[in-house]
Amino acid sequence: MSNQPIIDWPTWTESPPGRYVLAWEQSQLDRLVSDMFGYYALQLGLPQLDALRENRMPCRGLVLDAASGASAPYRLPGQDSHGAADTGRRHAPPQRETLWCDFLDLPVESQSVDLLILPHTLEFTHDPHRLLREAERVLVPEGRLVIVGFNSLSLWGMRQSISRRGGHAFVPAAHDLIAFTRMKDWIKLLGFELDRGRFGCYRPPVNSETWLARYAFMEAAGDRWWPIFGATYMITAIKRVHGMRLIGPAKVKKQALAPALNPVAAPNAP
């Protein structure tokens with residue numbers, strides 16, 4: 001584990017580069033999850049990003065890491081860095097139930113989740129392999145896994161590497177950034193099939209709102225000419241089970257994930 005200072009997400013998302021990255025990721029997730037169906041959907045970490053707000057599954061939950069300790073990179077707005085170590089329910093953002101637990105030991109039944117989203121979650125765990133195995137365990141066959149991360153093969157990744165050597169990280173990550181190519185290999189080894197991948201945020205890693213605006217032209221150019229060098233990536237994978245063939249809609253009754261996770265009321269309900 002690195003002993004370098006960690007930038008927490010609540011602080012970083014208020015900065016110009018943080019707002020820039022979060023806006024791109026939110027817009028991409030809104031489009032991505034709107035046509036994903038099922039019953040249970042979970043987001044692990046990063047409450048500043050509402051990854052499931054456009055999803056229509058009846059049970060949508062936010063899981064935060066109770067084992068994060070004093071660093072608490074995913075604490076809810078209004079909580080101090082010591083509050084994340086306690087377990088139990090907290091005040092959730094609108095439309096989301098919140099559960100605090102250990103990401104590496106989710107209190108979730110095997111093969112019970114239809115959609116699982118990891119927004120930069122792997123960059124804060126000391127054992128990303130184990131977290132991915134846990135994700136594979138809880139997902140139903142044909143369930144969807146969405147991973148969002150910083151791309152180490154980018155200008156942002158290069159600046160992060162240099163900045164960490166000087167003791168001042170540029171982006172919030174407790175450990176080294178995970179390359180997109182390595183992430184693909186990991187999920188394939190676990191039996192996932194890569195569905196789609198997307199890169200974004202091609203502007204240089206600068207802290208100024210003015211300079212980020214001046215480099216806006218690089219979005220279209222980067223998406224066309226050097227897509228794999230975007231600052232962030234988003235991977236969607238499907239859990240495949242060898243020898244399994246889906247014939248029709250499943251009618252097996254699922255048990256609840258946890259007592260705290262209840263169906264979300266429709267936004268336009270009276």
task = Applying side chain to side chain contact (heavy atoms under 4.5 Å, CB included), run through M36 and T236 and close with a yes or a no.
result = CA-CA 11 Å; M36 292 183 178; T236 306; 3.9 Å; yes
task = Check the pair Y202, D223 against side chain to side chain contact (heavy atoms under 4.5 Å, CB included), reporting the backbone distance first and the verdict last.
result = CA-CA 8 Å; Y202 296 97; D223 195 44; 3.7 Å; yes
message = Exactly one of L115, D195, L116 should register a side-chain contact (heavy atoms from CB on, under 4.5 Å) with V146. Which one does?
response =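 Only match with V146 under side-chain contact (heavy atoms from CB on, under 4.5 Å): L115.
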task = Check each of V113, L139, V63 against V108 using the side-chain contact (heavy atoms from CB on, under 4.5 Å) test, and report the only one that passes.
result =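 Exactly one option meets the side-chain contact (heavy atoms from CB on, under 4.5 Å) with V108, and it is V113.
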Can a donor-acceptor pair be found, under 3.5 Å and without considering hydrogens, that links the side chain of [X] to the backbone of [Y]?
X: D65; Y: W100; answer: no
X: E97; Y: G61; answer: no
X: Q43; Y: G45; answer: yes
X: R203; Y: E219; answer: no
X: N151; Y: Y233; answer: no

request  = Report the C-alpha distance between M183 and I235 in whole Å, list the side-chain angles of each, state the deciding distance to 0.1 Å, and finish with yes or no for side chain to side chain contact (heavy atoms under 4.5 Å, CB included).
outcome  = CA-CA 9 Å; M183 188 66 68; I235 297 175; 3.7 Å; yes
Mind checking whether [X] and [Y] have side chains closer than 4.5 Å, heavy atoms only?
X: V21; Y: V171; answer: no
X: L106; Y: L44; answer: yes
X: F103; Y: T125; answer: no
X: V148; Y: L118; answer: no
X: R198; Y: P227; answer: no
X: F170; Y: P17; answer: yes
X: I228; Y: L153; answer: no
X: H120; Y: E25; answer: yes

Heavy atoms only: give me the nearest [X]-[Y] pair and the separation to one decimal.
X: S208; Y: P16; value: C-CB, 4.2 Å
X: P141; Y: Q111; value: CD-OE1, 3.7 Å
X: L122; Y: P128; value: CD2-O, 3.8 Å
X: V33; Y: A51; value: CG2-O, 3.6 Å
X: R60; Y: M57; value: NH1-O, 2.9 Å
X: G38; Y: P58; value: O-CD, 3.6 Å

[X] and [Y]: same hydrophobic cluster, using ILVMFWY side-chain contacts below 4.5 Å?
X: L22; Y: W211; answer: yes
X: M234; Y: W226; answer: yes
X: I117; Y: L194; answer: yes
X: L29; Y: I238; answer: no
X: W24; Y: V206; answer: yes

inquiry  = Just checking F37: does its CZ atom have more than 12 heavy atoms from other residues, nucleotides or ligands closer to it than 6.0 angstrom?
reply    =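 Atom CZ in F37 is packed in, count exceeds 12.
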query = Taking the six-membered ring for Trp, is the centroid-to-centroid distance between F180 and F199 below 6.0 Å?
reply =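 They qualify: ring centres under 6.0 Å apart.
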query = Do the two ring centres, one from W12 and one from F150, sit under 6.0 Å apart?
reply =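 So the answer is yes for these two rings.
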query = Which of parallel (below 30°), tilted (30 to 60°) and perpendicular (above 60°) describes W186 and H129?
reply =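 Ring orientation of W186 relative to H129: tilted.
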Atom [atom1] of [X] and atom [atom2] of [Y]: how far apart are they, to the nearest 0.5 Å?
X: T98; Y: L62; atom1: OG1; atom2: CG; answer: 4.5 Å
X: K184; Y: L189; atom1: NZ; atom2: CG; answer: 13.0 Å
X: D176; Y: I178; atom1: CG; atom2: CD1; answer: 9.0 Å
X: C59; Y: Y39; atom1: SG; atom2: OH; answer: 4.0 Å
X: L64; Y: L46; atom1: CG; atom2: CG; answer: 9.5 Å
X: I187; Y: L190; atom1: CD1; atom2: CG; answer: 8.5 Å

query = R133 and E136: side chain to side chain contact (heavy atoms under 4.5 Å, CB included), yes or no, with the steps?
reply = CA-CA 5 Å; R133 289 195 298 270; E136 191 276 336; 5.5 Å; no
Decide, yes or no, whether a salt bridge links [X] with [Y] under the criterion of side-chain N to carboxylate O below 4.0 Å.
X: R137; Y: E134; value: yes
X: K239; Y: E142; value: no
X: E209; Y: R19; value: yes

message = A cation-pi test, strictly: NZ or CZ of R159 under 6.0 Å from the centre of the six-membered ring of W156 and no more than 45 degrees from its axis. Yes or no?
response =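 Pair R159/W156 does not count as cation-pi.
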